[in-house]
2 protein chains.
Amino acid sequence: MRIKDENKEYAIREKAMEMIVEHGFEGLSMQKLAKAANVSPATIYIYFKNREDLLNQLFIEVQETFSAVALEGFNAELSFETGLWLQWKNRLKFIVKYPVLYSFYEQFRNSPLVNHSDIQFSRFKAQMKTFISNAIKRGEIQKMEPEIFWSIAYGPFYSLVKFHLEEKTLMNKKFKLTEAKMQDAFNRVLKSFK
Amino acid sequence: MRIKDENKEYAIREKAMEMIVEHGFEGLSMQKLAKAANVSPATIYIYFKNREDLLNQLFIEVQETFSAVALEGFNAELSFETGLWLQWKNRLKFIVKYPVLYSFYEQFRNSPLVNHSDIQFSRFKAQMKTFISNAIKRGEIQKMEPEIFWSIAYGPFYSLVKFHLEEKTLMNKKFKLTEAKMQDAFNRVLKSFK
DNA sequence: TTTTTAAATGAACGTTCATTCATTTATATT
DNA sequence: AATATAAATGAATGAACGTTCATTTAAAAA
């Protein structure tokens with residue numbers, strides 16, 4: 001029997017993300033995607049059940065890549081300051097390394113399509129949960145609602161990233177998120193937990 | 001001559017937003033919209049040049065409503081703490097009062113369609129700029145990059161709102177953003193600026 | 001070398017899309 | 001009451017949509 005050409009699947013996945021990031025979900029038609037990936041429309045249906053399945057698989061792939069990068073060098077026993085800073089750095093690393101994946105991810109999360117299993121992702125959440133409860137035990141932070149914790153610990157970071165990815169920001173010029181600027185913001189965020 | 005029935009335009013605008021919020025931009029077809037708004041497809045083209053124009057007009061409308069609510073009772077001479085808290089409260093007011101508008105707004109902003117004039121909106125930005133430079137003059141906050149300021153001052157707020165609007169959040173149950181919870185988060189954010 | 005199997009294809013399917021157009025309807029003006 | 005004008009319409013347009021299918025192609029198994 002003939003063997004699956006994994007380059008084909010890769011091309012489909014990659015071009016699909018590019019098209020979505022550039023033109024939105026509306027901009028992804030199966031025929032245009034086939035053309036961009038140099039395959040027949042019918043070939044797409046060998047690798048994906050249908051358009052919706054393709055979108056969901058892309059989302060799951062991104063989520064898994066994201067989890068993997070975010071957890072590099074991380075463990076729940078790290079001190080609060082060290083651990084949170086590592087999280088910020090890892091997340092930035094992911095965004096810089098895979099800007100298309102991240103843009104796709106954000107667009108997907110802000111759309112009404114979110115309808116996916118998150119097996120791998122909830123393991124990631126479990127790690128974070130342990131990390132936080134450790135920090136509370138040690139008295140590094142006070143006990144608070146998880147959503148409030150999350151908003152203060154990561155809200156500023158994601159806002160900075162948004163600025164970083166925009167063409168023009170507040171002062172009509174490009175904002176580049178460096179590690180130094182991130183340090184500045186991070187030190188301020190730490191004060192919130194004192 | 002026959003007069004324009006403004007109820008028709010209102011119905012078109014309202015149903016369009018509902019459809020987008022519920023099914024994404026893909027979910028907005030002109031024929032379905034016509035049916036939902038109880039008009040003929042051709043009628044939509046009396047009020048809007050085409051589909052893209054409709055989307056842009058919706059975005060502009062939301063932006064203007066948002067600016068208006070955000071500036072209620074606000075002026076750039078308020079103390080930093082009072083002014084920023086008022087901004088948080090006004091923004092929450094908008095989101096609670098017009099959840100559909102807000103969801104549409106967020107979806108639009110996270111899509112690649114953003115291609116709009118922002119005349120009214122830049123007046124709003126000017127107000128905020130004066131407010132911040134006043135706060136610096138008075139020594140209420142230190143001088144810092146505007147994007148860093150913005151991220152710390154509003155990042156946590158928007159993160160809380162995101163949790164508020166999600167069906168299930170971190171702990172698999174609904175998170176309701178009350179003014180008390182917002183106060184808690186706000187007090188922590190203030191520490192960042194000390 | 002032949003057979004078997006699944007990958008890969010281009011053309012075609014029926015449906016839905018955004019938009020247009022000839023016609024009708026309602027109202028302000030004469 | 002008659003006229004003028006623009007709102008409002010339903011039907012029609014060709015293009016684009018997601019998906020299927022009969023056929024061809026390539027490689028593993030015999």
Side-chain angles (χ1 to χ4, degrees), chain A residues 1-61 104 107-108 111-116, chain B residues 1-61 104 107-108 111-116:
Chain A
M1 65 150 185
R2 194 167 170 183
I3 208 168
K4 273 195 190 181
D5 182 347
E6 57 188 36
N7 295 329
K8 283 199 172 22
E9 185 180 350
Y10 180 78
I12 293 167
R13 295 187 105 105
E14 180 159 81
K15 293 294 176 188
M17 287 222 211
E18 283 174 13
M19 290 171 77
I20 290 167
V21 166
E22 204 162 341
H23 303 109
F25 290 106
E26 301 189 273
L28 180 79
S29 93
M30 302 304 266
Q31 331 219 33
K32 283 181 188 163
L33 172 58
K35 199 156 268 179
N38 268 311
V39 297
S40 159
T43 304
I44 301 173
Y45 290 84
I46 294 171
Y47 294 93
F48 305 95
K49 224 175 66 190
N50 50 36
R51 202 184 101 112
E52 194 191 340
D53 179 52
L54 166 61
L55 290 172
N56 284 328
Q57 288 218 40
L58 290 179
F59 184 74
I60 289 166
E61 177 197 344
F104 167 79
Q107 213 177 301
F108 201 99
S111 84
L113 302 174
V114 203
N115 173 30
H116 54 280
Chain B
M1 69 154 185
R2 194 167 169 184
I3 208 169
K4 274 194 189 178
D5 183 348
E6 57 187 35
N7 295 330
K8 282 197 171 28
E9 184 180 352
Y10 179 79
I12 293 167
R13 296 186 104 107
E14 180 159 80
K15 292 295 173 187
M17 287 221 211
E18 283 174 14
M19 289 170 78
I20 290 166
V21 167
E22 203 161 341
H23 303 109
F25 291 106
E26 302 189 274
L28 181 79
S29 93
M30 302 303 265
Q31 334 220 32
K32 283 181 188 163
L33 172 57
K35 200 157 267 177
N38 267 311
V39 297
S40 158
T43 305
I44 301 174
Y45 290 84
I46 296 170
Y47 293 93
F48 304 96
K49 223 175 65 185
N50 50 37
R51 201 185 102 112
E52 194 191 341
D53 179 51
L54 166 62
L55 289 172
N56 284 327
Q57 288 217 41
L58 289 180
F59 184 73
I60 289 166
E61 177 197 344
F104 167 79
Q107 212 178 301
F108 201 99
S111 86
L113 302 173
V114 201
N115 172 31
H116 54 279

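Labels below follow one simple rule: chain letters A, B, ... track the order of the sequence lines, proteins then strands, and each chain is numbered from 1.
- Annotation: K35(A), atom NZ; neighbour count of heavy atoms from other residues, nucleotides and ligands within 6.0 Å does not exceed 12.
- A donor-acceptor pair shorter than 3.5 Å cannot be found between the side chains of E6(A) and Y10(A).
- Evaluation of the salt bridge (charged side-chain N to carboxylate O under 4.0 Å, His left out) test over residues 16-25 of chain A, restricted to residues two or more places apart or in two chains, returns K15(A)-E18(A).
- For the pair L55(A) CG and dC17(D) P, the computed distance is 15 Å after rounding to whole Å.
- Residue K49(A) is classed as having no contact, given no heavy-atom separation below 4.0 Å to the nucleic acid.
- In this structure, E52(A) places its CD atom 16 Å from C1' of dC17(D), rounding to the nearest Å.
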Review point. In B/S/- notation, 5' to 3', how is nucleotides 1-12 of chain D contacted by protein heavy atoms closer than 4.0 Å?
Key: ----BBBBBB--
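- Salt-bridge check for E61(B) with R13(B): passed, with a basic side-chain N closer than 4.0 Å to an acidic carboxylate O.
- A straight line from CZ of F25(B) to P of dC17(D) spans 18 Å, rounded to a whole angstrom.
- The CZ atom of F48(B) sits 15 Å away from the C1' atom of dA18(C) (whole-angstrom rounding).
- Tested against I12(B) for a side-chain contact (heavy atoms from CB on, under 4.5 Å), the candidates V39(B), L58(B), I46(B) yield a single pass: V39(B).
- Residue contacts shown for L33(B) are absent, as no nucleic acid heavy atom lies under 4.0 Å away.
- Between S29(B) and dC17(C) there is a side-chain polar atom (N or O) within less than 4.0 angstrom of OP1 or OP2.
- For the pair K32(B) and dC17(C), the criterion of a side-chain N or O lying under 4.0 Å from OP1 or OP2 is met.
- In this structure, CE of M30(B) is placed 23 Å from P of dT15(C), rounded to the nearest angstrom.
- Between Q57(B) and Y47(B) there is no side-chain heavy-atom pair separated by less than 4.5 Å.
- When heavy atoms are screened at a 4.0 angstrom cut-off, L54(A) is found touching no nucleic acid atom at all.
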